[in-house]
Structure formats: C-alpha cells, structure tokens
Amino acid sequence: MTDYPFPAPPQPVLPIVGSDQLFPLRRVYCVGRNYAAHAREMGHDPEREPPFFFQKNPDSLDTSGRFPYPVKTADVHHEVELLVALGAGGRDIAAGDALDAVFGYAIALDMTRRDLQGAAKKLGRPWEIGKAFESAAPTGPVYTSKQVGHPAAGRVALTVNGTLRQEGDLADMIWRVPEIIAYLSTYFTLAPGDVILTGTPAGVGPVVAGDRMRGEIAGLGALDVAVV
Ligand code: MN
C-alpha cells in the first residue's frame, strides 16, 4: 500500500445520472469565445480571433449547488456551458471518431472573476486567478451519451433570480464538440476523466451573494446554484 506524508487528496468526481458510479475527474479544459455573439460582447471579432483554450482545476468543479462568493473580486460573472465528459482518450483523434470518446454531458458554470481576468488580459498574463479559483465551476450530474445522445443543437440559457441573462443554441458554437476534441488532442494526450467546458453564449454578467442562478441546456435539465 502506498504511503504518503499526509492523507492523499480526494479524487474529484461528478455524479452520473441514474447510476451509483461516479465520474472521476482528471483534467478540465475550457474553450474561450466559442460563440460569436459572446466574443463580440467581450470586444473581440470572432472572424479574426478564433477560439482558444485555458484550464480550470478538477477540484474546482463543485456539485454542491452553492457558489461561495470568491475573495479578491467585486465582479464575478456567470458563464453557462455544455460540459463534455470523456470516457476514452488518445492523441490526434480524428473529428469523425471524436464522439466515440465521449462518456456524457453536463451543465457547468464557468464562473469568472472578470475584474481579475480583465487586468490579466491587459498585462498579457495568464488567466488563472480569474478562472481557476475554488468552486469556480458549479456543475450538474453527468448524463451518459446512451441517455441523451450527442446534443449538437438545443437551447442553452441562464437565469438569475428568474430573469433571463444568457441564451443561445449549441448549434451556434464556432467549434463543435468533435472539432474541439480533435483539436485539443493535437496538443494534449486526452484521457478518460478529462472534461471540456465548451464556451458560453452571449449575456454574461455579474452575480452577488443571495442570487439564485439556473443554467439550462436542452436535454440536460437544469442546474440550480445559490450564490452564498
Ligand atoms: Mn467560459
């Protein structure tokens, strides 16, 4: 039995709908500016600046339904996104084979300390302090591809206290799920347990303590998260 100098950190997991099994998390890849209208609202031209990637940490995926307002910010934004959970991996995966690697899908919120991200952008620095803080990705349970297929179209929305903030359609992604997996696999060796947050539609904005966020994606139900 392996001996450690302190208790080994727990394996981050996501629940799986209709199963007692848990999805063990490995890496968390996130796509930036994957919906044209959101790229424009952030001041960018989606024709000239294609999507790109950053990462969050597996232990920042939080399924508690509570989002603690983070420290060091006065401008935390919601970004509702389709999460793709991989059950297989590899390198240089062809787009035509990519969906075979998908275990399932979930709703996730790419919560962002926008003020810190904005400062980092201005200085040409990485985004970690804006994106990778504790509980930075409230996430719902994983629906398996056997249950829901491979959603390529359908409404993506987020309300705050019942008011519609974000709305889009999965069909409006600039890079679709198979293309994202294929592209990522040219830079990284993908593996079971990896998840990808596929970008957010337009309408991002701030929340404050006491707000109730509801993310919705067609076929995946709703994710309710209280800002505390
Ligand atoms: Mn995002």
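Atoms within a ligand are numbered from 1 in the order they appear, just like the ligands themselves. Since this is a predicted model, take the numbers as computed values, not measurements.
For Arg91, the CZ atom counts as loosely surrounded, since its 6.0 Å shell holds 12 or fewer non-hydrogen atoms of other residues, nucleotides or ligands.
Between Val76 and Val208 the shortest side-chain heavy-atom distance does not fall below 4.5 Å.
Checked by atom type, the side-chain pair Arg27/Tyr29 shows a donor-acceptor distance below 3.5 Å. With no hydrogens or angles considered, a side-chain donor-acceptor pair links Gln166 and Thr200 at under 3.5 Å. Side-chain N/O atoms of Asp75 and Thr73 include no donor and acceptor closer than 3.5 Å. Donor-acceptor pairing under 3.5 Å is recorded for the side chains of His78 and Arg165.
Taking 2.8 Å as the limit, the number of protein N, O or S atoms around the Mn ion (ligand 1) is 3.
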